[in-house]
Amino acid sequence: RLSTQMRRPVIAYVVVISSMISAAIMAFTVRQQWELLVGAALFYLSDLFVARHRFVVEHRINRSVGLPLYYGGQCVLALSLA
């Protein structure tokens with residue numbers, strides 16, 4: 001569903017965001033810090049709703065679910081610093 005112009009940037013972003021979740025999984029296995037894993041997972045899931053809204057179907061459910069996931073993920077990641 002992507003235009004030719006958007007394929008490379010989207011693939012690059014998927015690689016970056018997937019690297020983030022992989023790093024969070026590795027950090028969890030070493031430090032047992034659940035906040036890193038949960039925060040990264042919530043952030044990752046929120047991006048799925050952004051992508052769905054942008055590239056599949058524009059619907060208010062994307063924001064209704066995606067935004068709480070995003071802000072929740074950010075809060076949990078911030079808690080990991082405490």
Criterion side chain to side chain contact (heavy atoms under 4.5 Å, CB included) on Glu35 and Leu77, from CA distance to verdict: CA-CA 6 Å; Glu35 296 94 347; Leu77 286 172; over 6 Å; no

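- Within the 3.5 Å criterion, the main-chain N or O of Val57 finds a donor-acceptor partner in the side chain of Asn62.
- Across Ser46 and Leu69, no two heavy atoms sit closer than the pair CB-CB, 3.7 Å.
- For the atom pair NE2 of His59 and NE2 of His53, the computed distance is 10.5 Å after rounding to the nearest 0.5 Å.
- A continuous path of hydrophobic side-chain contacts links Tyr71 to Ile21 [ILVMFWY only; heavy atoms under 4.5 Å].
- Around CZ of Arg7, the count of heavy atoms belonging to other residues, nucleotides or ligands within 6.0 Å exceeds 12.
- With contacts defined as side-chain heavy-atom distances shorter than 4.5 Å, the pair Phe28/Gln33 does not qualify.
- In this structure, CZ on Arg52 lies 11.5 Å from CD on Glu58, to the nearest 0.5 angstrom.
- At least one side-chain heavy atom of Phe43 sits under 4.5 Å from a side-chain heavy atom of Ile17.
- With rounding to the nearest 0.5 angstrom, the CE atom of Met20 is 10.5 Å from the CG atom of Leu36.
- Across all their heavy atoms, Gly72 and Leu42 have their closest contact at C-CD1, 3.9 Å.
- Contact detail for Ile61 and Phe49: the closest heavy-atom pair is O-CD2, 4.4 Å.
- In Gln32, the CD atom is crowded: over 12 heavy atoms of neighbouring residues, nucleotides or ligands sit closer than 6.0 Å.
- Here the side chain of Thr29 pairs a donor or acceptor atom with the backbone of Met26 at under 3.5 angstrom.
- Note on Tyr44: it clusters hydrophobically with Leu67, by side-chain heavy-atom contacts below 4.5 Å among ILVMFWY residues.
- A heavy-atom distance below 4.5 Å is found between the side chains of Trp34 and Val76.
- No hydrogens or angles considered: a donor-acceptor pair under 3.5 Å links the side chains of Tyr13 and Asp47.
- A single hydrophobic cluster is not seen to contain both Val50 and Tyr70; linkage of ILVMFWY side chains at heavy-atom distances under 4.5 Å, directly or through other members, places them apart.
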Candidate pair Leu37 and Ile25, rule side chain to side chain contact (heavy atoms under 4.5 Å, CB included), full reasoning: CA-CA 6 Å; Leu37 184 58; Ile25 291 168; 3.6 Å; yes

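- More than 12 heavy atoms of other residues, nucleotides or ligands lie within 6.0 Å of CZ in Phe55, so this atom counts as buried by the packing criterion.
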